Every structure is written in structure tokens, then in C-alpha cells.
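Read the structure below first, then the notes.
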2 protein chains.
Amino acid sequence: MARPGVETIRRQQLIDATMKVIEAHGFQGATIGRIAEASELSVGIVSHYFGNKQGLLEASMRYLLSSLQRDAAKLMAERSSTPRERLLAIVDANFSGAQTSAQSAKTWLAFWTQAMHSPDLMRLQRVNERRLLSNLIVPLRQLMPVAQARETAETIAALIDGFWLRAAMSEGRIELDRAVSLCKTYVDQAIAANSGNHTSDSMGHTED
Amino acid sequence: MARPGVETIRRQQLIDATMKVIEAHGFQGATIGRIAEASELSVGIVSHYFGNKQGLLEASMRYLLSSLQRDAAKLMAERSSTPRERLLAIVDANFSGAQTSAQSAKTWLAFWTQAMHSPDLMRLQRVNERRLLSNLIVPLRQLMPVAQARETAETIAALIDGFWLRAAMSEGRIELDRAVSLCKTYVDQAIAANSGNHTSDSMGHTED
DNA sequence: TTCAATTAATTGAATGGTTATTCAATGCCG
DNA sequence: CGGCATTGAATAACCATTCAATTAATTGAA
């Protein structure tokens, strides 16, 4: 019970197979038959370890998200000197998972789409988005007022999602380097645009 | 043949029903039975006018994309004084389709996901992306060197996609106004960041 | 150690439900 | 009547789920 039992191994086996099949055939084509084949197990074992197909899909998404989160946390822990460096590290981290496997972008998008019709998956998405936003706001608050920090954080988050979307479409083509570069350019522009306003609650932003 | 025949009417009827069903039940739940019910026609008529289900889906996506394109073209034709105004108009245009129906974001995302496993749909996506990029580059080239114009255009495009993605997830909640506002803020920041370099091939951008 | 007994893990054919597709029959209109 | 449009029951394929049967692992008494 305490050792890394068969259960853990089988679960991971099935999750790996699920991601592989989704990447190859999309969410629609991810049948239990194919997943079983890819995992070299039988179809009956899915219900044994995950209850049903939906349970397997949710577990797979949880794994994908936590996987990306782990990569991100690792990169962020390394360099964290200035706020700017920290922001660039977050950007790097959010694309690092994609660099290793551009096909994970496809899986990610498949889950995202599916999440819109599944409250459980939706909740997972929201949690992840919130975490990214708060990670961004922390260093931004040291560079600009809270209001602008929040706006900039949302913009960076949208930028990351948008580039992921494109990465998912450009099959195989790794233009991730360019995405990272453009995100970083934006970070510097945003810092420069608000460099006059520091930690004070200044309101000197007369728009329009 | 020349008149607006029954064929045109039926086709549109089915396409409308398809979009309605996809928005309500997602791509997976878009069965021919439901589409037929929503269109108040029979299931057999799909094969008669579109060959099969896939044909109907492709036609629907074509319609959605050209619909968005039409809205965009309309808005862009109105105001086109300065390059900056023109850029802001493009941004507005790319969210105008979503303002009328926030649920069209869901349909858009569903198609996008599906496109990754259908060469025909993929080609449509690429065409649309290229059009957006070139629309953006034209006014940007009047404000900055070509290289930066291209970068800025790609960033704006990613920003738009990212906000669409979020709009698709936040069911019903219309945070489109915020998305538009943040996009415009970025446009101004990008212009300001490159305001020193005009149409010349200046390279005065010492990065890092 | 050996070997039955017991428990756990795994299989995959059978089941029931869902869906796209077909096509003979029907309705419609000139 | 004759061609066109439309219907919807019938068909066949597919798929998730179940569960009795099979295999593997573990135990513990001799």
C-alpha cells in the first residue's frame, strides 16, 4: 500500500496513452479502444482505475496542468533577482512545457475546448488562470500602480494564451522562440510605459 | 439557377441551425438529429445539400469566418484617418462579432480545435490569420520600421486570439469591453515605444 | 521450499445506447 | 403526369460500460 504500487503505474500508463491519443486523433477520436491499445492494456481497466472515461479525461487534464505548473515553478525558482527578470522567467516558464512537446499545445487546446461543457474541467482551467495572474501581479506591483499592474498582467496572460493557440495550429513548427521574444518585448514596453509611476497611488494617467 | 432558390435558403437554414447547436452543445454534441430539429427540417436533407456531416461543418465554418470578416470590413471602412485610428478600428472590428454574440466565441473555438484534424478547415484558419496580419501591417508601417511593424502585428493578433479564448470560457460574461481597452492600450504603448523610428530603416534598438 | 488457497489484477466478449447514412416512399407544384 | 424536394424509418457502424471468466500475485501451512 505504501510502496509505488501497481495502481500508480497503471494510472500513469493510461494517462500517458490518453494524451498520446488526443494529440494524434483529437478529443473526438480519443476512444477507450484506442487508449487501451496505446497503453497496451485492455478496455476494461479504465473503469477499474478511473470509474469511467470522464474520470480518465479529468485525471489526464489535471496531470497536464500540474505538469506545466511544475515546469513553471522550476524555472521561476532559479532566477528571481529583479522584478523584470522575474516576469521574463514567468514568460519563459509558460512556454517551456511547449518547447519540449509542441503537441502538448494541441492537447491543451483540446482540454480547453472540452472544459466549456464540463464544469469540473472548467474549474481546473480557472484555477490555473488565477495562479498565472497572481504570479504576474506580484512583480508588476513593484514596477507600477496596482491598477496598471492588473491590466498588464491580464495582457500578458492573453498574450501567452494567444501564442499557445497559434503554436497548437502550426503543427510541428516551433515558433515558440519568437513567441517568447515578442512577449518579452511587450514586458519591456509595458514597464517603460509606466516607468514614471512607481509604488505610489498616482493617478496621472489621463486617457483619451 | 439565378434566383435565390430553395437551395440557398435551405443551406443557410442548416448552417444557422448548426451554429446554434454547436454553441449550445459543443462540437461533440452537434449531432445531425439535433441540427435537423433546430432547423425544423429532416435528417435526410443534410446529405442532400452538403453530402455529409463534414460538408455541413465546413460550410458552417466558412460562413462564420466570412461573417466575422464582413463585420470587420464594415467597421474598418468607416474611420480611417490616421494610422492609429485605423489600428484601433481593426481591434474594434475583431471584437465586434463577439459583442453581438459572446457565444460565437465558443463556436469559433470549437471550429479552431476541429481544424487541427481537418486540412480544409486548417487552410481556412490560415487564410484568415494572414488577412488579419496584413491588415495590421499596413498602418503600422507608417509608424515604425518594417521589422517592428511585423512584430507588433503578430503581437496584436496573438492578443486578440488570447482575449477571444478567454471570452469563450467566461460564459456570458461580457468582458469584451475590457479586452478592447487593453488591446488599445497596447497599441498606444507599441506606437510610443517605436515613436523615435519612423519610415527610415533605423536600427536604434539596442536590446538587452 | 512447496503448493494449494485466497485475494488482487486484468481481460475481452456481450450489451445497450447513440449516431451518420441511406433510400424507398411521400408530398408538392407546374 | 413528371420532376423536384423532402421525409423518416431502417440500417450499419461505432462506442462506453459491464461483468463473468481468466490470469497473476500473495499468503501461510506443511
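The shown structure was predicted, so the numbers you read here are calculated from the model rather than taken from an experiment. Below, all heavy atoms of this structure are taken into account, side chains as well, without hydrogens, waters or symmetry copies. Sequence lines set the chain letters: A, B, ... in the order given, protein chains first and strands last, and positions in each chain run from 1.
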For A/A36, what residues pass the side-chain contact (heavy atoms from CB on, under 4.5 Å) criterion, not counting sequence neighbours?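 Result, side-chain contact (heavy atoms from CB on, under 4.5 Å) vs A/A36: A/V43.
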Go through the structure and list residues passing side-chain contact (heavy atoms from CB on, under 4.5 Å) with A/S42, not counting sequence neighbours.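 Partners of A/S42 under the side-chain contact (heavy atoms from CB on, under 4.5 Å) test: A/I45.
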Any strand: nucleotide that pairs with D/dC15 via Watson-Crick or wobble, under 3.5 Å: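 Its partner is C/dG16 (Watson-Crick or G-U wobble, both distances under 3.5 Å).
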Spacing of CD1 belonging to A/I15 relative to OG belonging to A/S39, to within rounding of 0.5 Å: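 The OG atom of A/S39 is 11.5 Å from CD1 of A/I15, to the nearest 0.5 Å.
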For residues 19-45 of chain A, which residue pairs pass the ring pair (Phe, Tyr, Trp, His ring centres under 6.0 Å) check, not counting sequence neighbours?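 Qualifying pairs, neighbours excluded: A/F27-A/F111.
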Qualifying ring pair (Phe, Tyr, Trp, His ring centres under 6.0 Å) pairs with a residue from residues 136-161 of chain A, counting only residues at least two apart or across chains: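 Every pair satisfying ring pair (Phe, Tyr, Trp, His ring centres under 6.0 Å) with a residue in residues 136-161 of chain A: there are none.
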Pairs touching residues 110-125 of chain B that satisfy side-chain hydrogen bond (donor to acceptor under 3.5 Å, both in side chains), sequence neighbours left out: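 Listed once each, the pairs are A/Q28-B/Q114, A/T113-B/T113.
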Please collect all side-chain hydrogen bond (donor to acceptor under 3.5 Å, both in side chains) contacts where either partner lies in residues 127-136 of chain A, sequence neighbours excluded, each pair once.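 The answer is A/Q69-A/R131, A/N128-A/R131, A/E129-B/R166.
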Give the rounded distance in Å between these two atoms: [atom1] of [X] and [atom2] of [N].
{"X": "A/I35", "N": "C/dG12", "atom1": "CD1", "atom2": "P", "value": "17 Å"}
{"X": "A/R11", "N": "C/dA9", "atom1": "CZ", "atom2": "P", "value": "11 Å"}
{"X": "A/E40", "N": "C/dT10", "atom1": "CD", "atom2": "P", "value": "14 Å"}
{"X": "B/E37", "N": "D/dG8", "atom1": "CD", "atom2": "P", "value": "12 Å"}

Taking side-chain hydrogen bond (donor to acceptor under 3.5 Å, both in side chains) as the test, write out the residues that go with B/R34, two or more places apart.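 With sequence neighbours excluded, B/R34 shows a side-chain hydrogen bond (donor to acceptor under 3.5 Å, both in side chains) to no residue whatsoever.
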Kindly state each residue pair satisfying salt bridge (charged side-chain N to carboxylate O under 4.0 Å, His left out) with at least one member in residues 36-59 of chain A, sequence neighbours excluded.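 Salt bridge (charged side-chain N to carboxylate O under 4.0 Å, His left out) check on residues 36-59 of chain A returns A/E58-A/R62.
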Check whether any side-chain heavy atom of A/T152 sits under 4.5 Å from a side-chain heavy atom of A/Y186, and report yes or no.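 Of all side-chain heavy-atom pairs linking A/Y186 with A/T152, at least one is under 4.5 Å.
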Kindly write out the residues that satisfy salt bridge (charged side-chain N to carboxylate O under 4.0 Å, His left out) with A/R11, not counting sequence neighbours, or none if the list is empty.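 Partners of A/R11 under the salt bridge (charged side-chain N to carboxylate O under 4.0 Å, His left out) test: A/E7.
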Can you check nucleotides 3-6 of chain D for protein contacts, nitrogen or oxygen pairs under 3.5 Å, and list what you find?
unit_1 : atom_1 : unit_2 : atom_2 : d
D/dT6  : OP1    : B/R10  : NE     : 2.2
D/dT6  : OP1    : B/R10  : NH2    : 2.8
D/dT6  : OP2    : B/Y49  : OH     : 2.5

Restricting to nitrogen or oxygen on both sides, can you table the protein-nucleotides 25-30 of chain C pairs closer than 3.5 Å?
none

Please write out the pairs of protein N or O atoms and N or O atoms of nucleotides 12-17 of chain D separated by less than 3.5 Å, giving the distance to one decimal.
unit_1 : atom_1 : unit_2 : atom_2 : d
D/dA16 : OP1    : A/K53  : NZ     : 2.6
D/dA16 : OP2    : A/I32  : N      : 2.9
D/dT17 : OP2    : A/K53  : N      : 2.9

